[in-house]
2 protein chains.
Amino acid sequence: MFDLLFENIERKIEITEEDKAFCKTLFIPKKLRKKQYLLQAGDIAEYVAFVNKGLLRSYSVDEKGEEHIIQFAPEDWWITDMNSFLTCEEAIYNIDALEDTEILLLDKPSQDKLFEHIPKFERYFRILIQASFVAMHKRLLSTITNTAEEKYMRMLKTYPDLVQRVPQHMIASFLGIKPETISRIRKKQASNS
Amino acid sequence: MFDLLFENIERKIEITEEDKAFCKTLFIPKKLRKKQYLLQAGDIAEYVAFVNKGLLRSYSVDEKGEEHIIQFAPEDWWITDMNSFLTCEEAIYNIDALEDTEILLLDKPSQDKLFEHIPKFERYFRILIQASFVAMHKRLLSTITNTAEEKYMRMLKTYPDLVQRVPQHMIASFLGIKPETISRIRKKQASNS
DNA sequence: GCTTTTTCTTGATGCAGGTCAATGTCTCGA
DNA sequence: TCGAGACATTGACCTGCATCAAGAAAAAGC
């Protein structure tokens, strides 16, 4: 259950067996069925979740009822509504399972305990967030500068596995384009080779 | 010189006079003239910069020679090419001064020293990055979901001071739209009131 | 296995915003 | 103080992508 998490942590900081034992007391394992919510907009995000198996997504719904996918979280990724988790304001994102999923949950009090007992974890989470920060900058730049086709090709290159695993209309939603457009891009690409 | 920085820090963590004294040994004050580069794409980002006075911007230049502004950094903000600073890879962003500017520079070795001597600073930088992370998510969502007009109105609301301070074509570049479009939005807005 | 739902494709049409070009205004350095 | 570059505005035109609509194909549920 914890193997993947510890591997992930040990890629960034060194931890002892005692540290691991302590971790095991803090994280809450949970299973989600496909389509089940982990968080709904309007609630408070009580947890950050580490995905052990399966696939989650976070998305917001605009006034017109359109879904916009913010993040996919397959195995080995973290996900939450960061703002809500940090500030206890109402979440603006929904998080739900795209497949049957196993996660490990860490709530705020437990995270604080973790930082207090093993200060190295401050570093771990700082490194995690720095990495997403850099990735987000690149995504933002691509969103601003590229055409629909360039965005889709970049997606194929950056997350080839996800493109296989997720319905196309969700890829479209993630990229901020329409499913029909992806369909046409695919057709064009097929004819180009 | 250090007042603004210490205020910024003390909004997030508590520090002693000794801590401050130690900080003063680590940061390098620097002045930039308008249009002067702090960092050029292709170089390694040696520093994170805290802006004490003035205004910087980071931007990338695409194949067609178009500039895309990633971030504005007025007083009380931090700026760097995070990826380059963290990994020592070549920077993909340029950073330059839009006004005569005073900054405080912190290089990697000094930051490491800071974390080692005053571990609370791990927390400070984690909190900083978390906040930008949340802000970036909102910006990304706006970029994906909103029309040009909505993006501009959101900009007016979120950073009214910047819109005054910066040429319109730079606001356009930041939003991923064209200066002509902003011009037309302004005209329309004026007639609506 | 059959029905229902979800997903993907394709065509016809429209429009937001980009492109190009001309003109006017501002500003700042010599 | 004058001239050149930077900045903003406006009009005419164009195009990439969205929208709307209708089937086809694939997957999920019973």
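Convention: sequence-line order gives letters A, B, ...; per-chain numbering from 1.
Rounded to an integer number of Å, the gap from B:Gln189 CD to D:dT9 C1' is 16 Å. Nucleotide D:dA18 holds its P atom 11 Å from the CG atom of A:Leu175, rounded to whole Å. Between B:Ile171 atom CD1 and D:dA6 atom P there is a gap of 19 Å when expressed in whole angstrom units. When the P atom of D:dA27 is taken as reference, atom NZ of A:Lys35 falls 15 Å away, rounded to whole Å. Atom CG in A:Asn146 sits roughly 15 Å away from atom C1' in D:dC17 (whole-Å rounding). Rounded to an integer number of Å, the gap from NZ of B:Lys64 to P of C:dG18 is 13 Å. Rounded to whole angstrom, the span from the CD1 atom of B:Ile182 across to the C1' atom of D:dT10 amounts to 16 Å. Atom CD1 of B:Ile144 is separated from atom C1' of D:dA18 by 16 Å (rounded to the nearest Å).
Listed pair B:Gln168 / D:dA6 fails the phosphate criterion, with no side-chain N or O lying under 4.0 Å from OP1 or OP2. B:Thr181 has a side-chain polar atom (N or O) that falls below the 4.0 Å cut-off from OP1 or OP2 of C:dG18. Look at B:Arg186 and you won't find any side-chain N or O under 4.0 angstrom from OP1 or OP2 of D:dA8.
As judged by a 4.0 angstrom heavy-atom cut-off over every strand, B:Ile177 is placed among residues touching the sugar-phosphate backbone only.
Picking from C:dC8, D:dT19, C:dG18 the nucleotide with the shortest atom distance to the side chain of B:Lys178 gives C:dG18. When distances are taken from the side chain of B:Arg184 to each of C:dT10, D:dT10, C:dC8, the shortest belongs to D:dT10. Considering only side-chain atoms of A:His169, the nucleotide from C:dT7, D:dA8, C:dT9 that sits closest is C:dT7. Listed nucleotides: C:dT9, C:dC20, C:dG18. Nearest to the side chain of A:Ser183: C:dT9. Listed candidates were D:dT10, C:dG11, C:dT9. Nearest to the side chain of A:Lys187 is C:dG11. Of the candidates C:dC8, C:dT19, D:dT19, the closest approach to any side-chain atom of B:Glu180 belongs to C:dT19.
Around atom CZ of A:Arg11, more than 12 heavy atoms belonging to other residues, nucleotides or ligands sit under 6.0 Å away.
In summary, A:Asp96 and A:Lys34 do not engage in a salt bridge, as defined by a charged side-chain N under 4.0 Å from a carboxylate O.
Of the N and O atoms on the side chains of B:Asp81 and B:Tyr47, not one donor lies less than 3.5 Å from an acceptor on the other residue.
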From CA spacing to verdict: ring pair (Phe, Tyr, Trp, His ring centres under 6.0 Å), B:Trp78, B:Phe125: CA-CA 10 Å; B:Trp78 289 90; B:Phe125 280 98; 5.4 Å; yes
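You won't find any donor-acceptor pair under 3.5 Å spanning the side chain of A:Glu149 and the base of D:dC17, going by distance alone.
Taking the six-membered ring for Trp and the full ring otherwise, the centers of B:Phe174 and B:Phe72 sit less than 6.0 Å from each other.
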